[in-house]
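This chain uses plain numbering: 1 for the first residue, then up along the sequence.
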Amino acid sequence: MSEKNNKYGVLLVNLGTPDEASPAAVRRFLSEFLHDQRVVDMTRWLWCPILHGVILPVRSPKVAKLYQSVWMEEGSPLMVYSRRQQQRLADMLNVPVELGMTYGNPAIESGLDSLKQQGCSKVLVLPLYPQYSRTTTAAVFDKVAKVLRSQAEIPELRFVNHYFEHPEYIAALAESVTDFWDTHGKPDYLLCSYHGIPKRYADNGDPYPLHCNGTTALLAEKLGIPREQMSMSYQSIFGREEWLKPYTEQTISELAKKGVKRLDVMCPAFSVDCLETLEEIAEQCKGTFIEAGGEQFNLIPCLNDNPAHIEMMAQIVRQYSQNW
């Protein structure tokens, strides 16, 4: 095999986003996302009529309006920041780096195809989910396997399962907090809000809450914050069944009622700012906090394409690509 065809490349993977902030585009995206049994494991004959008959027709126009409120000039925030991550990581490593989304565009298939065309016989898949969950990380693995199933020759693969406790990740989070506080001053309380999953998934073995707890504890230690001034919660609850608790919106309301006047919230499970941070937290939860008696509410931005975040990704890639 020639040197040209014996190099490695990196596939960054995030969840995905609609192509545009329209009801039709949102419906396409939500349909693909909510059809994945890793995300919703209900029996198909029961779930599909609910999804297509009720959820998609009702939620798509509403969610489209929310996307419109955070849409950037270059496109969806998740896509804009993910593209910046891709480019800056490629520049730092000087190896091919492609972007794939579990749902929507660019598809994981197109990312793998592009790496193959660039002569990469080895691929490191880096899902941008610090904390493992069946609903995110495992869904990436499924999609990669599905794409490669029909190919005569598959690349040598390495797959990053999680990095919730990686020292560079914790350091990048801590730096983002201290940089924010250097500019805006310290709050009365810091809340780490993670994307929720159904409690049943954790009961059946998903280690996600353990990883979230681990990240929060390590971050508190790094920042030197007493735990009575910092805690964690879960956001983006959907449906009627019980999800991991405590719920973010309820926690925020309770903190305000207990006398917290300034609350800062960060979202360590999200590698880039997106609808769930820019609208759900910065708008909806801010309103909840003020209505409950709070005075000042801040969203600490996600790591996005911060230099410390890109360096962390580079460190992970170097670690997993040793001897390649």
Side-chain angles (χ1 to χ4, degrees), residues 7-20 25-26 28-39 74-151 153-163 195 269-276 302-305 309-310 312-314 316-317 320-321 324:
K7 63 181 180 180
Y8 80 88
V10 179
L11 180 68
L12 294 181
V13 184
N14 210 324
L15 188 121
T17 180
D19 294 323
E20 57 185 23
V26 168
R28 287 194 302 272
F29 173 73
L30 289 179
S31 178
E32 183 181 2
F33 173 46
L34 296 175
H35 263 109
D36 192 336
Q37 288 193 289
R38 287 286 192 181
V39 178
E74 307 103 300
S76 167
L78 183 143
M79 182 63 68
V80 171
Y81 291 123
S82 295
R83 284 295 189 195
R84 292 177 186 174
Q85 290 175 338
Q86 173 197 0
Q87 185 58 56
R88 294 184 181 183
L89 183 61
D91 291 343
M92 181 173 289
L93 292 171
N94 197 30
V95 301
V97 177
E98 292 297 331
L99 181 65
M101 298 294 174
T102 313
Y103 316 102
N105 299 306
I108 286 175
E109 182 174 11
S110 67
L112 289 171
D113 286 345
S114 180
L115 291 173
K116 183 177 182 179
Q117 290 167 10
Q118 295 174 72
C120 298
S121 62
K122 305 167 183 178
V123 175
L124 173 61
V125 181
L126 175 53
L128 294 173
Y129 306 116
Q131 300 80 20
Y132 172 95
S133 173
R134 56 163 282 176
T135 62
T136 52
T137 316
V140 173
F141 183 88
D142 289 349
K143 280 292 180 79
V144 170
K146 183 178 180 181
V147 169
L148 297 179
R149 190 181 303 159
S150 61
Q151 297 189 4
E153 183 181 14
I154 66 172
E156 182 178 343
L157 284 176
R158 293 181 183 177
F159 188 93
V160 179
N161 181 276
H162 59 74
Y163 54 92
H195 198 292
F270 297 87
S271 68
V272 294
D273 278 306
C274 53
L275 185 69
E276 287 81 1
C302 291
L303 295 178
N304 295 322
D305 58 338
H309 196 202
I310 304 304
M312 178 217 77
M313 292 184 196
I316 290 175
V317 171
Y320 277 79
S321 62
W324 262 6

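- Of the N and O atoms on the side chains of Arg84 and Gln87, not one donor lies less than 3.5 Å from an acceptor on the other residue.
- In terms of heavy-atom proximity, Tyr320 sits nearest to Arg158 at O-NH1, 2.7 Å.
- The two residues Val10 and Val95 come nearest to each other via the heavy atoms CG2-CG2, 4.3 Å.
- Counting only distance, with no hydrogens or angles, the side chain of Gln86 and the backbone of Val97 share a donor-acceptor pair below 3.5 Å.
- The two atoms that bring Ser133 and Thr135 nearest to each other are OG-OG1, 2.8 Å, heavy atoms only.
- Remark: Asp91 CG is packed, more than 12 non-hydrogen atoms of other residues, nucleotides or ligands lying under 6.0 Å away.
- The closest donor-acceptor contact from the side chain of Asp273 to the backbone of Asn304 lies at 3.5 Å or more, if one exists at all.
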Working note: Ser114 + Gln118, criterion side chain to side chain donor-acceptor pair (under 3.5 Å); need CA distance, chi angles, decisive distance, verdict.
CA-CA 6 Å; Ser114 180; Gln118 295 174 72; 3.1 Å; yes
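- To the nearest 0.5 Å, atoms CG (Leu89) and CG (Leu93) are separated by 4.5 Å.
- No donor-acceptor distance shorter than 3.5 angstrom exists from the side chain of Arg38 to the backbone of Ala139, with no hydrogens or angles considered.
- The ring pair (Phe, Tyr, Trp, His ring centres under 6.0 Å) with Phe141 is formed by just one residue from the set Tyr132, Tyr129, Phe159; it is Phe159.
- Residues Met101 and Ser82 meet the side-chain proximity criterion, which asks for heavy atoms closer than 4.5 Å.
- Across every non-hydrogen atom of Pro77 and Cys274, the tightest pair is CB-CA, 4.4 Å.
- Within the 4.5 Å cutoff, the side chain of Leu99 has heavy atoms near those of the Arg83 side chain.
- For the pair His35 (side chain) and Ser31 (backbone), a donor-acceptor distance under 3.5 Å is present.
- Note that OG of Ser271 is 12.0 Å distant from OH of Tyr81, once rounded to the nearest 0.5 Å.
- We find the CD-NZ distance between Gln151 and Lys116 to be 5.0 Å, quoted to the nearest 0.5 Å.
- Ring geometry for Trp324 against Tyr8 counts as tilted: the plane angle lies between 30° and 60°, on a 0 to 90° scale.
- Across all their heavy atoms, Met79 and Pro106 have their closest contact at CE-CD, 3.5 Å.
- The side-chain heavy atoms of Leu128 and Gln85, taken from C-beta on, include a pair separated by under 4.5 Å.
- The line from CG of Asn105 to CZ of Phe29 is 10.5 Å long, rounded to the nearest 0.5 Å.
- Between Ala269 and Pro130, the closest heavy-atom pair is O-CD, 3.7 Å.
- The distance from atom CG of Leu78 to atom SG of Cys302, rounded to the nearest 0.5 Å, is 9.5 Å.
- Between Pro96 and Lys7, the closest side-chain pair of non-hydrogen atoms falls below 4.5 Å.
- Considering CD of Glu109 and CG of Leu148, their distance stands at 9.5 Å, rounded to 0.5 Å.
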